[in-house]
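In this text the structure is predicted, and so the values were computed from the model without any measurement. Below, chains carry the letters A, B, ... as their sequence lines are ordered, and counting in each starts from 1.
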There are 2 protein chains.
Amino acid sequence: MDVQHIEIADYFIQAISQGLYQEGDRIPSEAELQVLFGARRSVLRRAVARLEETGWVTTRQGKGSFVTSRKVPIDYELSSRTAFSSIMKEKGIVPRVALLHWEKRAAKQREQDQLALGIDETVYALEILRSTGDVPLSITTTVMPAYLVPDLEAHLTGFHSLYALLSRNYQLQPRRLKSIVRAALPEPRDAQILNIADHAPILQIESFVTHRGVNLMEYSMSRIRGDLNKSCVTF
Amino acid sequence: MDVQHIEIADYFIQAISQGLYQEGDRIPSEAELQVLFGARRSVLRRAVARLEETGWVTTRQGKGSFVTSRKVPIDYELSSRTAFSSIMKEKGIVPRVALLHWEKRAAKQREQDQLALGIDETVYALEILRSTGDVPLSITTTVMPAYLVPDLEAHLTGFHSLYALLSRNYQLQPRRLKSIVRAALPEPRDAQILNIADHAPILQIESFVTHRGVNLMEYSMSRIRGDLNKSCVTF
DNA sequence: AATCATTTGTTCGTATGTATC
DNA sequence: AGATACATACGAACAAATGAT
């Protein structure tokens with residue numbers, strides 16, 4: 001390859017791989033790169049852009065470009081009974097759960113199919129942000145038929161764990177029936193909330209949850225930061 | 001936002017979302033955009049680059065930029081017994097399996113751990129490309145202890161299905177014990193083989209496979225195109 | 001087979017704006 | 001307020017891939 005910006009990017013990929021730059025280190029500024037490589041600034045910017053696209057550095061205006069810290073992904077056990085809070089506690093991580101939004105409304109067409117609802121059925125839809133400390137981890141949209149969780153809004157103040165809420169107030173025992181995972185790109189809004197670039201990979205997990213094996217009581221769609229999660233399935 | 005390239009990119013995201021441009025349609029060339037938006041070429045290129053990063057278009061030198069066709073992801077059943085070929089056949093898709101590479105060598109440290117091997121143990125490592133028709137779908141690296149599949153090279157000519165080979169020649173009945181999924185970015189080489197951009201998301205699936213519940217007989221690491229796959233887990 | 005127009009890719013060169021400290 | 005560093009934009013030239021003549 002005799003394309004300058006790729007050669008320069010490759011140089012840094014090598015250097016970072018070999019430990020010449022540690023996580024969090026700043027790579028040389030554009031002005032310094034200009035001296036080091038004798039290339040035009042536009043070329044250097046392309047090189048850094050490439051490094052950012054491929055996840056090696058993150059760039060911040062006015063500060064510089066920093067080697068992305070390869071956080072250890074958190075193993076998430078994907079099983080029929082899994083609750084975020086309990087997994088985190090097991091690992092000694094302080095979980096933070098925030099209710100971004102909730103609404104009570106008529107079920108959309110897709111939700112009717114997913115939850116096997118009749119037409120004009122009412123659902124509660126919650127949007128939940130899960131974090132560890134101050135690092136956002138995932139956003140989950142969860143939809144439940146309103147008749148299963150009547151007067152849900154009364155229990156949403158001080159929200160901290162969905163399954164604890166369901167168990168305490170409605171004696172519901174959620175059980176995951178099926179999950180569908182896929183790798184994708186985030187919606188712009190999700191990228192912002194999760195504090196990732198809009199081309200950073202996310203893991204989408206759609207889940208179908210029953211109560212006592214009869215009703216489809218919950219449909220959820222999680223969008224999880226790819227750099228912070230590994231989901232584990234045991235057969 | 002009063003940043004030109006973002007405004008222009010957003011215009012096309014809107015237009016594509018509203019069906020003004022269909023999948024596969026060419027968006028205006030840079031010269032045409034120059035007339036339409038009255039912006040510098042560098043700005044227009046940034047706009048198109050943004051569209052490509054976020055998966056709306058794919059650009060080809062000498063031809064133009066085309067609205068990415070949102071292929072329907074192929075559902076992949078992730079269970080204790082799953083073979084690629086049979087899943088594809090069930091769906092009426094013609095699967096194509098190619099052995100990219102194989103080698104017999106000493107197990108690496110990680111592989112010793114993953115397969116619970118002793119030191120200096122020999123393994124076979126295969127690299128398999130799976131496609132549907134002419135569209136590449138996934139690359140899988142699979143590692144097996146050599147003592148379980150002696151003289152494996154003798155059976156690799158005309159390779160078409162790993163599990164058929166294992167069953168026929170070694171009476172092995174693979175059973176998946178555990179899988180770990182995660183969303184990530186591809187290695188440059190994988191991106192090239194899979195015919196995707198090097199910032200396109202991929203689904204990584206690590207699998208641990210046993211034979212009759214005793215031996216860890218296979219460790220595999222699949223890298224699957226995010227745009228073409230949904231993996232489904234039933235509990 | 002060779003040439004040419006079209007289209008994207010790369011680079012050079014300059015200027016100004018904006019965030020950070 | 002000033003220095004540093006990244007962000008955006010203007011302006012121009014040539015390279016490389018593509019498809020048609």
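For B/R26 and D/dA17, the CZ to P distance is 19 Å, given to the nearest whole Å. Separating the CD1 atom of B/I6 from the P atom of D/dT8 is a distance of 6 Å, rounded to the nearest angstrom. One can place CZ of A/R60 at 9 Å from P of C/dC21, the figure rounded to the nearest angstrom. Atom CG in B/L44 sits roughly 13 Å away from atom P in C/dG9 (whole-Å rounding). For B/L33 and D/dA9, the CG to P distance is 15 Å, given to the nearest whole Å. Rounded to whole Å, atom P of D/dC10 lies 14 Å from atom CZ of B/F37.
OP1 or OP2 of D/dG19 sits under 4.0 Å from a side-chain N or O of B/K63. For the OP1/OP2 pair of C/dT10 and a distance below 4.0 Å, the side-chain nitrogens and oxygens of A/R40 include no atom meeting the criterion. At D/dA7, one or more side-chain N or O atoms of A/R45 fall inside 4.0 Å of OP1 or OP2 (strictly under the cut-off).
As judged by a 4.0 angstrom heavy-atom cut-off over every strand, B/S29 is placed among residues touching the sugar-phosphate backbone only.
Taking every side-chain heavy atom of B/V3 into account, D/dT8 is the closest of C/dT10, D/dT8, D/dC10. The listed nucleotides are C/dT10, C/dC12, C/dG9; the one nearest the side chain of B/E30 is C/dG9. Of the candidate nucleotides C/dC12, D/dA15, D/dC6, D/dC6 has the atom lying nearest to any side-chain atom of A/Q61. Closest to the side chain of B/Q4, from the set D/dC10, D/dA5, C/dT8, is D/dC10.
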#### Entry: Working for side chain to side chain contact (heavy atoms under 4.5 Å, CB included), residues A/V143 and A/Q114
CA-CA 10 Å; A/V143 177; A/Q114 282 151 350; over 6 Å; no

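Tested against A/Y11, the residues A/I6, A/L20, A/L36 include a single side chain to side chain contact (heavy atoms under 4.5 Å, CB included) partner, A/L20. Evaluated for a side chain to side chain contact (heavy atoms under 4.5 Å, CB included) with B/S231, the options B/D75, B/V181, B/L203 yield exactly one hit, B/L203.
Counting only distance, with no hydrogens or angles, the side chain of A/Y124 and the backbone of A/L152 share a donor-acceptor pair below 3.5 Å. Using a distance-only test at 3.5 Å, with no hydrogens or angles considered, a donor-acceptor pair links the side chain of A/T68 to the main chain of A/W56.
Side-chain N/O atoms of A/R41 and base N/O atoms of D/dA7 include a donor-acceptor pair closer than 3.5 Å.
Mapped onto DNA chain C by nearest heavy atom, A/G62 and A/R46 fall at different nucleotides, with A/R46 at the one closer to the 5' end.
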